[in-house]
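Given the structure is predicted, the values throughout are model-derived calculations rather than measurements.
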Amino acid sequence: MPSSPPPADGVATPAVRSLSARLLVVVSVLLTIFFGLTIIILELGFERSAEKSVEDRLGARVIMLLSSAQTENGRLEMPATLPEPLFATPGSGVIGQIQAGHDSVVWRSASAVGIELSQRALPFVNQRRFDRVTASDGEEMFALSLAVAFDDLPDRTAPFTVTVAERTAPYWAQVSRFRRQLLTYFSALAILLLAAQAVALRWVLSPLRKVADEIRQIEQGDQRALSQGYPSELAGLTRNTNRLLDAERKRRARYRNTLGNLAHSLKTPLAVLRTALDVKPGHRDDALMEQQIDRMNEIVSYQLQRAGAGSGINVGQEKIDLVFIVGDIVEALNKVYADRGVACRMSLPDSLRLLGDRGDVMEMLGNVLDNAYKWAHRDVHVSLSTVNSPDGGPAGFAFVVEDDGPGIAEEARDAALARGGRLDETVAGQGIGLAVVRELVDVSGGDLTLDRAQLGGLRVTIRIAP
């Protein structure tokens, strides 16, 4: 019968979706294998020990029979009463016999009435043999035989074989009791271990349940971000999740702002077009209407580009070379402002490759550099350095631009960074204002500061911390 295909969405089936259930199943299988092997090893060891105990007990009875044997008139005689009462009790399960050679039985205990032992190989003189034999009644018995030669008998070389046997039923009963005890004890131990494992798993996996609960709260709008204090194994997950959530909120705000900018920017050209349309046919200014249409096209193109721009440094992006980007921008600005004679001094590392969106980084750095070139008298200083993450996560950067221009008064800096300062955002090129730079820096999770430069003009510092 063909197996059912996996779910189309790639989600695990309900039987294996729970990590706790998976771990408990794995632990249960491992415990079953481990305890099963342990039970087998202990049972085999107990069987060998119990069998050795039987052998020692039969050996002691053989010695007892030998010590009780007497030689009279050249014959071997056994006393009527033996120290072991089991030899005198029929059906006791313990029998004894003495053979002369292989066939002649010279003595049998009273307990051996009606029981014959199967023929087997006998030991050599002064050697013993321990094995299992089958009695004439079909029962299995342990048998120990010892071959000896009596010096005071006429034929000193003729061996006598003393054999003592006992039924194996008590032995197997003892083994069965031990096996039941092992199964009982190990089953109870396995249940206790599984219960302890379940409690431990519940405690170990509690951070994952907390993450799931907090994500559910975020989906329902009751929480804005994942909380802190998770174990180190989940710190990267929660940190990056919070970054993604924050980037998504900023992206939505960015879309709203872009739509607001678009609507606001289209008001003026639409009003001009409406006025132009109110003019009588034949007196309309077609050049003006075409100019306004081109302007509207520029506005829409620019705002759509802004709305579709990246989100600074984010998870899953490729690395970009900031040193190359800064050098590229400076080279282009040197050509644009060649007639102003601005000299740019750069302090850059050999290489600085970080995660980020190339378009956003070029827009951020390009706007700041363009403003510096635009307002500087003669000198612009640029420096770039790496900002390392304290927990080994993605690194960030610090970008500082100074000029010797007029700068911005301290009381006017907030206004320069405020959105809606009415810098013309439709002008071609990168000079679209510090408000846009601040927006991109905020989306990237960084800081933008304005202060006075040592050159006398404005110093702009962009810090994108990891």
Side-chain angles (χ1 to χ4, degrees), residues 1-60 93 129-134 139-144 166-216 226 229-241 391-392:
M1 182 177 180
S3 59
S4 58
D9 57 358
V11 178
T13 58
V16 294
R17 288 177 63 181
S18 170
L19 290 178
S20 299
R22 290 184 180 186
L23 289 173
L24 284 176
V25 168
V26 171
V27 171
S28 301
V29 172
L30 293 178
L31 282 179
T32 301
I33 295 174
F34 175 76
F35 284 166
L37 293 175
T38 303
I39 289 174
I40 291 174
I41 293 173
L42 290 177
E43 184 178 344
L44 291 176
F46 180 80
E47 287 182 11
R48 292 192 183 94
S49 177
E51 201 169 289
K52 185 64 170 57
S53 177
V54 172
E55 182 180 0
D56 293 341
R57 186 167 58 250
L58 294 181
R129 176 185 179 87
F130 176 75
D131 55 6
R132 301 182 190 186
V133 297
T134 302
E139 287 199 46
E140 185 183 51
M141 303 187 78
F142 288 112
L144 178 67
E166 70 173 40
R167 299 186 188 279
T168 60
Y171 163 82
W172 288 119
Q174 186 181 17
V175 171
S176 297
R177 285 194 302 271
F178 182 75
R179 184 184 297 120
R180 287 195 299 270
Q181 289 175 351
L182 281 180
L183 291 175
T184 301
Y185 294 153
F186 277 99
S187 297
L189 181 60
I191 293 173
L192 289 176
L193 287 177
L194 287 176
Q197 182 74 16
V199 174
L201 285 177
R202 183 171 182 82
W203 176 71
V204 170
L205 297 178
S206 59
L208 291 179
R209 289 193 299 273
K210 183 181 177 182
V211 168
D213 292 339
E214 290 192 350
I215 290 177
R216 191 179 303 110
L226 297 176
Y230 281 97
S232 58
E233 292 80 2
L234 296 178
L237 170 66
T238 56
R239 181 183 63 249
N240 290 334
T241 301
D391 57 1

Who are the side-chain contact (heavy atoms from CB on, under 4.5 Å) partners of Glu51, not counting sequence neighbours?
->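 For Glu51 the side-chain contact (heavy atoms from CB on, under 4.5 Å) partners, ignoring immediate neighbours, are Phe130, Arg132, Phe142, Tyr171.
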What pairs with Asp56 under side-chain contact (heavy atoms from CB on, under 4.5 Å), at least two apart in sequence or on another chain?
->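 Asp56 satisfies side-chain contact (heavy atoms from CB on, under 4.5 Å) with Lys52 once adjacent residues are dropped.
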Using residues 187-200 as the side-chain source, report each donor-acceptor pair under 3.5 Å to any protein atom, sequence neighbours left out, with the distance given to one decimal.
unit_1, atom_1, unit_2, atom_2, d
Ser187, OG, Leu183, O, 2.5

The criterion is side chain to side chain donor-acceptor pair (under 3.5 Å); which residues satisfy it with [X], sequence neighbours excluded?
X	result
Arg209	none
Thr241	none
Glu139	Arg167
Gln181	none

How would you list, by chain and number, every residue that makes a ring-ring contact (aromatic ring centres under 6.0 Å, His included) with Phe46, sequence neighbours excluded?
-> Phe178
Could you give all pairs that pass the side chain to side chain donor-acceptor pair (under 3.5 Å) test and reach residues 229-238, with sequence neighbours left out?
->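 Of all non-adjacent pairs touching residues 229-238, those that pass side chain to side chain donor-acceptor pair (under 3.5 Å) are Glu214-Tyr230.
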Looking only at heavy atoms, which two atoms of Val175 and Glu47 are closest? And how far apart?
-> CG1-OE2, 3.8 Å
Taking all atoms of both residues into account, what is the closest heavy-atom pair of Gly93 and Met141, and its distance?
-> O-CE, 3.7 Å
Check salt bridge (Lys or Arg N to Asp or Glu O under 4.0 Å) between Asp213 and all other residues, then give those that pass, not counting sequence neighbours.
-> Arg216
Could you go step by step and tell me if Leu208 and Leu234 meet the side chain to side chain contact (heavy atoms under 4.5 Å, CB included) rule?
-> CA-CA 8 Å; Leu208 291 179; Leu234 296 178; 3.8 Å; yes
When the side chains of residues 28-44 are checked against the rest of the protein, which donor-acceptor pairs come out under 3.5 Å, sequence neighbours left out?
unit_1, atom_1, unit_2, atom_2, d
Ser28, OG, Leu24, O, 2.6
Thr32, OG1, Ser28, O, 2.7
Thr38, OG1, Phe34, O, 2.7
Glu43, OE1, Arg179, NE, 3.2
Glu43, OE2, Arg179, NE, 2.7
Glu43, OE2, Arg179, NH2, 2.3

Could you grab the distance from atom NZ of Lys210 to atom CG of Leu226, nearest 0.5 Å is fine?
->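 Spacing of NZ (Lys210) from CG (Leu226) equals 9.5 Å.
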